[in-house]
Amino acid sequence: MDMSEKITVDVRDVAKIYGNQTEALRGVSLVIEKGEMVSIIGQSGSGKTTLLNIIGGLDKPSKGAVYINGIDIAKLSRNELAKFRRENIGFVFQQFHLILYLTALENVMLAQYFHSMADEEEAKHALEAVGLGHRVGHLPSQLSSGEQQRVCIARALINEPKLLLADEPTGNLDQANSKNIMELFKKLHQQQNITIILVTHDPSIAETAKRTIKVTDGTISQGSV
Amino acid sequence: MLLRVTRDRLARRKIRALMAVVSVLVGAMITASLVNISIDVSEKMTKELRAYGANIVVEPKTQTQAIEIGGVNYAPLAERRYLDSDQLSSIKTIFWRNNIVGVAPFLYGVVEINGQSAVLAGTWFERRLDIPASSVTLPNGTVLKESAGTFTAGVRSIAPWWKIQGEWLNDSGTDTGSGAAGEVIVGEKLAQVLKVKVGDEVRVGFEGVDEAFKVKGVVFTSGFEDQQIFVTLGEAQRILKVSNAVDKVLVSALVKPDDELARKPLEKMTADEQVIWYCSPYIGSITYQIEEVLNNTTARAIRQISENEGKILNQTQMMFFLIAAAALLASAIGVASTMMATVFERRLEIALMKAIGAEDGQISRQFFLEALLIGAVGGGVGYALGNFLAQLIGRSVFGTEIGINFLTLPVTLAISMAVALLGCLIPVRRASSIEPAIVLKGG
Ligand SMILES: Nc1ncnc2c1ncn2[C@@H]1O[C@H](COP(=O)(O)OP(=O)(O)OP(=O)(O)O)[C@@H](O)[C@H]1O
Ligand SMILES: [Mg+2]
């Protein structure tokens with residue numbers, strides 16, 4: 001799969017049904033162009049995380065398909081998908097998902113390890129970029145939730161992804177830190193032309209993106225092009 | 001990185017890791033002890049099985065049928081033919097020399113003991129033989145060379161069940177097979193008749209010579225030997241005035257049960273079959289080879305029991321193998337269940353690793369590494385305990401010391417690691433099947 005530099009995301013009529021009742025997504029179609037920065041807003045339980053997971057190939061749609069640069073990612077094998085993720089996608093999870101017994105630095109290095117090779121210096125720089133240069137040796141339990149969130153962001157960016165999927169990346173940050181992170185995202189977006197999909201509750205954060213998509217009850221109610 | 005993750009994980013789950021280690025350890029311990037015992041005991045058991053006696057008798061070739069009663073040749077001395085005692089070490093130069101585990105020559109004569117007539121037997125007790133360098137020519141002409149060595153021959157190796165009250169005669173340090181001059185061992189029944197005990201003196205008379213001998217021991221053989229009086233071979237040759245003479249040689253050889261090839265007459269075999277026959281430890285090929293090295297002799301099988309010896313040993317080893325296999329299976333299950341619990345406990349972490357791009361192989365590698373560590377530690381400790389257990393079993397069951405065999409260490413380690421890896425397979429498959437999206441959302 002040639003991802004060259006940029007990534008186009010084409011979501012076609014995707015539905016996701018959990019079990020056989022919960023319809024988390026009901027026919028979502030959406031195109032995100034190369035190098036676009038898009039924010040997704042919506043109420044809790046509207047299906048934002050589900051959509052993000054399906055785009056990132058963590059979850060499979062019950063119906064419809066996601067094409068990334070023209071390729072249906074549901075057709076990739078488990079290992080191909082893993083390779084695709086580590087080479088192209090950075091995830092910022094809503095619940096951080098840091099490994100509790102590894103330090104901030106090691107958590108970042110783990111992503112490097114799966115990608116290619118752990119590089120301590122590079123990992124340190126990534127933590128410095130999110131303002132955590134002084135916390136590299138701390139375990140997640142010794143960090144505030146805002147700090148944990150920033151470790152999570154450093155880990156998402158460490159392998160220079162072409163598509164950043166961020167689920168509430170500023171949910172636990174104060175205004176100053178939120179601003180810093182958003183500046184960082186903007187910079188990446190502008191300088192490296194990364195495609196960014198950003199889930200948020202905060203309208204002021206959503207405004208950072210040129211385009212905002214609103215999800216209501218598993219469908220797109222606004223902004224789907 | 002992988003090491004760091006594994007190290008941290010093991011350190012954090014000491015109890016769990018310990019349980020896995022212990023389950024490998026138990027299997028390794030049982031395996032190590034059984035391997036040790038089977039190496040050591042198969043040798044010892046072979047010797048125990050030898051307790052049935054020698055299985056080959058070598059005698060001089062004669063035209064006339066010998067008159068033999070109770071193992072003793074009663075033909076007049078002048079007509080008797082002998083084997084040369086100086087040549088006996090060549091029995092240990094045949095192709096199957098390593099299967100010859102016991103050799104004992106006998107020279108008999110009827111003598112007067114304290115005025116009563118009795119059979120005097122001269123033999124080796126525990127004599128070290130120097131085996132000359134030699135070569136063996138196979139039926140197809142191939143010549144195999146073998147260097148010189150030593151071998152401990154004597155009645156004690158072909159009849160280990162003989163019990164002595166007092167002491168054996170000591171002929172170990174002598175070249176001539178004499179030594180222990182002026183000393184005798186008296187068979188238990190003869191001792192009763194003569195009313196002699198250890199420490200007494202007996203008079204041995206033969207053709208006008210009459211000498212005093214000291215009774216060093218009374219021997220219990222539960223055979224006709226209980227009625228004989230024993231001296232060293234050299235002493236018997238001196239008393240009976242026949243130098244270098246031996247009436248017969250009993251040989252104890254490890255043999256393979258006869259099969260179709262063994263029952264085929266030698267003349268009817270193809271050249272290839274002859275070589276195979278020659279190079280298989282059949283009783284027939286061993287007696288054939290003995291006749292090759294000792295001129296003018298006949299070597300023949302004297303009992304059937306030897307055919308079963310191989311089987312009994314194989315059965316014992318098979319039993320050991322099955323016990324060890326069962327123990328190792330239990331170890332693998334132990335590892336599997338603790339690993340399974342670990343996979344469950346770590347599902348979030350595994351899901352996260354997959355989400356950030358770990359392939360199945362990168363996940364399973366962590367478990368395999370963990371398994372190797374568990375296997376190595378469990379195997380190492382199990383090996384040590386297994387040696388200890390082998391000693392206990394050896395002492396209580398077989399009544400012998402079990403030698404520690406260091407070859408067992410790498411074998412035990414390799415088996416333990418393999419078992420731990422095997423135990424990992426199902427947990428690893430479970431780990432591979434973890435769905436990151438569901439687990440990460442707290443499913
Ligand atoms: N594994 C699951 N099994 C069953 N139902 C699920 C599962 N995951 C999500 N859901 C349901 O699907 C719907 C969408 O969930 P999702 O997590 O996408 O919401 P969200 O928009 O991200 O909400 P939030 O803003 O609270 O994070 C919810 O109703 C949720 O209960
Ligand atoms: Mg969510």
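What you see below is based on every heavy atom in this structure, not just the backbone, and it leaves out hydrogens, waters and symmetry mates. These numbers come from a predicted model, not from an experiment. Lettering of chains follows the sequences in order, A, B, ..., and the numbering in each one begins at 1.
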Would you say the side chain of B:Val428 lies within less than 4.5 Å of the side chain of B:Phe368, judging by non-hydrogen atoms? yes
Side chains of B:Phe367 and B:Ile350: closer than 4.5 Å at any heavy-atom pair? yes
With sequence neighbours excluded, tell me which residues meet salt bridge (charged side-chain N to carboxylate O under 4.0 Å, His left out) with B:Glu273.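 Listed in chain order: B:Lys264.
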Spacing of CG belonging to A:Leu139 relative to CD1 belonging to A:Ile99, to within rounding of 0.5 Å: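 Interatomic distance, A:Leu139 CG to A:Ile99 CD1, rounded to 0.5 Å: 12.0 Å.
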About how many Å separate CD of A:Glu168 and OG1 of A:Thr200, when rounded to the nearest 0.5 Å?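 Here the interatomic distance stands at 5.0 Å.
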Tell me, side chain or backbone of B:Ile356 under 4.5 Å from chain A's heavy atoms, or both, or neither? both
Only pairs under 3.5 Å count here: list side-chain donor-acceptor contacts from residues 128-137 of chain A, not counting sequence neighbours, and write none if there are none.
| residue | atom | partner | partner atom | Å |
| --- | --- | --- | --- | --- |
| A:Glu128 | OE1 | A:His125 | ND1 | 3.3 |
| A:Arg135 | NE | A:Glu147 | OE2 | 3.1 |

Looking only at B:Pro436, B:Ala355, B:Ala358, B:Ser432, the option with the highest number of non-hydrogen pairs under 4.5 Å against chain A is B:Ala355
Taking atom types as modelled, find out whether A:Glu160 and A:Gln192 have a side-chain donor-acceptor pair closer than 3.5 angstrom. no
On the ring face of A:Phe91, is A:Arg85 found with NZ or CZ under 6.0 Å from the centre and within 45° of the axis? no
Part of residues 47-55 of chain A lying next to chain B, heavy-atom separation under 4.5 Å: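 Near chain B, by residue number: A:Thr49, A:Thr50, A:Asn53.
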Residues from residues 56-65 of chain A approaching chain B under 4.5 Å (heavy atoms):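 Only A:Leu58, A:Asp59 of residues 56-65 of chain A have a heavy atom under 4.5 Å from chain B.
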Minimum heavy-atom separation for A:Phe96 to A:Arg155, with atom names? O-NH2, 2.9 Å
Parallel, tilted or perpendicular for A:His97 and A:Phe93, by the 30°/60° rule?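 It falls in the perpendicular class, over 60°.
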